[in-house]
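Note sheet for the following structure.
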Amino acid sequence: MKIIRWILGKIILLLNAVFSPKAMKRSTQDQQSVDQAVQAMQLYQFDACPFCVKVRRSAKRLALPLTTKDAKHPEFEQELIQGGGRRKVPCLRIEKDDGQVEWMYESKDIILYLETRFA
Ligand SMILES: N[C@@H](CCC(=O)N[C@@H](CS)C(=O)NCC(=O)O)C(=O)O
């Protein structure tokens with residue numbers, strides 16, 4: 001079972017690399033303000049998780065330089081569990097302007113949030 005999951009993961013990564021989405025174009029000024037806004041976010045994820053790949057593809061399409069944290073790394077795994085409450089990926093950590101932090105689970109919700117905010 002583990003080997004099948006590993007092979008599927010590699011296939012997902014390969015397909016993702018081959019059919020990589022095109023990033024949208026913004027004016028330099030608009031892209032700079034998007035880049036700055038995205039600094040307040042981190043995506044907790046696994047490399048070969050299909051839900052995480054969906055979110056990363058959406059971020060690429062939207063030209064978002066999203067920081068990713070591999071939740072298999074013990075330090076990031078702890079951050080995710082302590083902050084978000086669950087060891088589940090993808091999870092987007094969003095630090096708001098007032099310092100409040102939101103931990104957003106569910107790939108669909110994350111993609112909707114990114115598209116609503118940055119498309
Ligand atoms: N409905 C969720 C599914 C996410 C999901 O199942 N993630 C798996 C990895 S692909 C996970 O985090 N499982 C918990 C674990 O491996 O500990 C979504 O769309 O984000």
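Numbering of ligands and ligand atoms starts at 1, following listing order.
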>> Under 3.5 Å between any N/O of Lys88 and any N/O of ligand 1: does that happen in this structure?
In response: no

> Do we see a donor-acceptor contact under 3.5 Å between the side chains of Asp35 and Gln31?
Replying inline: yes

> What atoms of ligand 1 come within less than 4.0 Å of a heavy atom belonging to Cys49?
Replying inline: 9 (C), 10 (S)

> Which of the atoms of ligand 1 are close to Arg87, meaning less than 4.0 Å from one of its heavy atoms?
Replying inline: 14 (C), 15 (C), 16 (O), 17 (O)

> Can you find an N or O of Val89 that's nearer than 3.5 Å to an N or O of ligand 1?
Replying inline: yes

> Which of the atoms of ligand 1 are close to Ser107, meaning less than 4.0 Å from one of its heavy atoms?
Replying inline: 18 (C), 19 (O), 20 (O)

> Can we say Arg93 and Glu95 salt-bridge, meaning some charged N sits less than 4.0 Å from an Asp/Glu carboxylate O?
Replying inline: yes

> What residue among Cys49, Pro90, Cys91 forms side chain to side chain contact (heavy atoms under 4.5 Å, CB included) with Val55?
Replying inline: Pro90

>> Could you identify the single nearest non-hydrogen protein atom to atom 6 (O) of ligand 1 and state the distance to 0.1 Å?
In response: Phe51 CE1, 3.7 Å

>> Give me the residue, atom name and distance of the protein heavy atom closest to atom 2 (C) of ligand 1.
In response: Glu106 OE1, 3.3 Å

> With a cut-off of 4.0 Å, which atoms of ligand 1 are near a heavy atom of Phe46?
Replying inline: 16 (O)

> Is the closest protein non-hydrogen atom to atom 13 (N) of ligand 1 under 4.0 Å?
Replying inline: no

>> Would Lys108 count as a polar contact of ligand 1, with the cut-off being nitrogen or oxygen pairs under 3.5 Å?
In response: no

> Same hydrophobic cluster for Tyr113 and Trp103, using side-chain heavy-atom links shorter than 4.5 Å among ILVMFWY?
Replying inline: no

>> Would you compute the distance between atom CD of Gln42 and atom CD of Gln45 and round it to the nearest 0.5 angstrom?
In response: 12.0 Å

> Would you call Lys88 and Glu106 a salt bridge, taking side-chain N to carboxylate O under 4.0 Å as the test?
Replying inline: yes

> Could Glu77 and Arg87 be called an ion pair, given the rule that one side-chain N must be under 4.0 Å from one carboxylate O?
Replying inline: yes

